[in-house]
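Just so you know, residue 1 is the first one in the sequence shown, and it goes up from there. These figures come from a predicted structure and were not determined experimentally.
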Amino acid sequence: MSNQPESQIPLSAIHQEWLTPQEVCEELRIPPTTFYQWRFKHVAPTVHRIGWHLRINRADLDAWLSAREEH
C-alpha cells in the first residue's frame, strides 16, 4: 500500500491564477450575458469546469486577448 494520496494536484496548477466568469466580465467591462453568449458561440476564452464552478486561467485569458488585438 502506498502512502501517497490517490490524486495529486500538479504544482503548476496550484500556482496559476484562476478567474471566475464574473471577474473576467469586470476586467473586460462587459455584461455577463455577453460572456455567456461568447461561450455559446465558442468564441470565449477557454473555460474549465472545476466541480460546479467555471474558471478561466489567467494565461488562457491573456492569450485569448492577444489573439484578438487590433493593429
Can you list every side chain to side chain donor-acceptor pair (under 3.5 Å) pair that touches residues 25-35, not counting sequence neighbours?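 The answer is Q22-E26, E27-R58.
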
Listed once per pair and sorted, the side chain to side chain donor-acceptor pair (under 3.5 Å) pairs that draw on residues 39-51, sequence neighbours left out: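 The answer is H48-D60.
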
For residues R55 and W18, report the shortest heavy-atom separation together with the two atoms involved.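 Distance-wise, the nearest heavy atoms are CB-CE3, 3.7 Å.
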
Compare every heavy atom of C25 with every heavy atom of P32, then report the nearest pair and how far apart it is.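 Nearest heavy atoms, P32 then C25: CA-SG, 3.6 Å.
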
Can you check whether S66's main-chain N or O pairs, donor with acceptor, with E69's side chain at less than 3.5 Å?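 Between the backbone of S66 and the side chain of E69 there is no qualifying donor-acceptor contact (under 3.5 Å).
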
Considering residues at least two apart in sequence or located in another chain, which fulfil the side chain to side chain donor-acceptor pair (under 3.5 Å) criterion with Q37?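 By the side chain to side chain donor-acceptor pair (under 3.5 Å) rule, Q37 matches no residue at all.
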
Quick one: hydrophobic cluster around V24, which other residues, with the 4.5 Å side-chain cut-off, linked directly or via members?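 So far as hydrophobic clustering goes, V24 is joined with L19, L28, I30, F35, Y36, W38, V43, V47, L54, I56, L61, W64, L65.
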
